[in-house]
Amino acid sequence: MQENLLNSVIKITKNRDVDSLEYSLISTIQEFIGCKEVSVYKDIEVQGQLTIEQSLCLKVTGEKQFEWVQRQIVAHPEDELLSCLRSACIITVQSTDGIERRWLPITRQEKTVAAISVVSNSLDSPAQVMLNAFCRIFENYLVILHENERDKLTGLLNRQTFEKKIKQLIEKQVLKVHSSSRDEGKRQQKYASTSWLAILDIDHFKNINDKYGHICGDEVLLILAQKMRHFFRSTDLIFRFGGEEFVIVFEPTDADSICNKMAEFLQLVRNTSFPFVENMTISAGLARISPYDFPITVIESADKALYYAKNNGRDKFCVYEDLIAEQLINVQENDSEIDLF
Ligand SMILES: Nc1nc2c(ncn2[C@@H]2O[C@H](COP(=O)(O)OP(=O)(O)OP(=O)(O)O)[C@@H](O)[C@H]2O)c(=O)[nH]1
């Protein structure tokens with residue numbers, strides 16, 4: 001038992017990204033506590049409002065049978081979950097049939113950022129101590145991973161995290177295509193609605209730095225990052241890719257929706273008054289992320305579209321696939337300066 005326990009702690013601390021850490025935590029709790037359901041809930045804060053996402057959930061459906069439930073927004077969070085997040089206290093509710101529901105808070109920098117929910121038979125004292133200890137290990141490790149994955153200035157995901165996240169996303173798409181390969185109708189639908197990648201770059205940012213100084217430049221980057229976080233979906237991944245360059249990986253959607261979204265965001269930037277700077281604009285390049293793509297190919301395609309937007313007036317976004325179809329750029333052209341790590 002002790003050896004197994006040590007191995008589980010080693011397994012948890014071996015993780016190098018938050019998603020895998022959550023899998024390890026849930027598997028370990030299930031193995032040692034024996035629950036009916038274990039979930040991770042996170043406050044992903046949209047526009048400053050408490051917004052709860054069920055990040056991962058394991059449901060026991062039979063003897064040695066499990067079901068993993070993937071990421072979803074919780075439209076109506078239970079009162080106990082909200083109390084746990086607000087008070088940073090463990091909340092326990094016991095029903096008459098002896099089933100216990102327990103919510104354990106996870107804090108980072110004195111803020112409750114998540115809660116672990118456990119549904120189980122009544123837990124004895126040693127099991128409660130162990131459950132609490134697993135949550136504290138998770139909490140400590142979460143702080144380290146969070147710092148590793150985030151850009152210090154803007155708090156967005158950093159460039160080093162990009163490759164890992166996009167590989168995971170492409171793998172997921174490949175699995176989806178395979179799972180529906182017998183149903184051609186469904187397959188067509190999935191191709192119509194794929195993920196997208198956008199590279200955004202501030203126009204003439206060098207002028208802002210030169211005219212008003214780097215501190216003002218940093219403030220502009222910070223405000224733009226906040227605008228992106230509030231404007232785009234919480235499930236879209238936003239990276240600070242380099243100095244004044246940002247990458248967004250969008251959840252699957254069709255071309256029209258993504259173009260509308262980008263047009264609205266460019267308008268939002270035009271309408272925003274940044275400190276000192278008036279009329280700041282951005283340019284962007286978009287590319288479809290197809291299953292079987294290499295991350296470098298997608299980023300190069302979006303970069304070519306961005307390059308085209310920059311050379312054709314700025315303050316606009318261009319879609320790589322449209323530029324190719326209209327023969328405005330060449331597939332073979334290799335003028336990208338993107339260097340992945
Ligand atoms: N303040 C600040 N500036 C940065 C940071 N990282 C990069 N930069 C600046 O970003 C500027 C990028 O300039 P360029 O690549 O010439 O591009 P640009 O002036 O935006 O022009 P276009 O992209 O062609 O519209 C340089 O002046 C960099 O010093 C940062 O973290 N903070």
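When a ligand or atom number is given, it counts from 1 through the structure's own listing order. Nothing here was measured: the structure is a model prediction, and the numbers come from that model.
Side-chain N or O atoms of Arg229 include none that pairs as donor or acceptor with a backbone N or O of Phe232 at under 3.5 Å.
Within ligand 1, the atoms closer than 4.0 Å to a non-hydrogen atom of Leu221 are 30 (C), 31 (O), 32 (N), numbered from 1 in the order shown. For ligand 1, the atoms closer than 4.0 angstrom to any heavy atom of His204 are 18 (P), 19 (O), 20 (O), 21 (O), 22 (P), 25 (O). Short contacts between ligand 1 and Gly217, defined as distances under 4.0 Å to a heavy atom of the residue, involve ligand atoms 1 (N).
Distances from atom 8 (N) of ligand 1 to the heavy atoms of Asn207, Asn209, Asp201, Asp210 show the closest one on Asn209. In this structure, of Lys206, Glu244, Arg314, the residue bringing a heavy atom nearest to atom 15 (O) of ligand 1 is Glu244.
Counting only heavy atoms of the protein, atom 22 (P) of ligand 1 lies nearest to Lys310 NZ, 3.4 Å. Among protein heavy atoms, atom 7 (C) of ligand 1 sits closest to Gly243 CA, 3.4 Å. Among protein heavy atoms, atom 2 (C) of ligand 1 sits closest to Asp218 OD1, 3.2 Å.
With respect to the salt-bridge test (charged N to carboxylate O, under 4.0 angstrom), the residues Lys165 and Asp19 qualify. Under the 4.0 Å criterion applied to side-chain N and carboxylate O atoms, Glu22 and Lys42 are assigned as salt-bridge partners.
Checked against a 3.5 angstrom limit, the closest N/O atoms of Ile202 and ligand 1 fall inside it. Checking only distances, Phe205 does come within under 3.5 Å of ligand 1, N or O to N or O.
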(message) The test is side chain to side chain donor-acceptor pair (under 3.5 Å); show your working for Glu139 and Thr107 and say whether it passes.
(response) CA-CA 7 Å; Glu139 186 175 67; Thr107 56; 2.9 Å; yes
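If you check the side chains of Ser122 and Glu100, you find a donor sitting under 3.5 Å from an acceptor. In this structure, a donor-acceptor pair under 3.5 Å is present between the side chains of Arg136 and Asn132.
Proximity of Arg240 to ligand 1, defined as any heavy-atom pair under 4.0 Å, is confined to the side chain (atoms from C-beta onward).
Grouping Ile, Leu, Val, Met, Phe, Trp and Tyr residues whose side-chain heavy atoms lie under 4.5 Å apart, directly or via other members, places Val119 in a hydrophobic cluster with Ile99.
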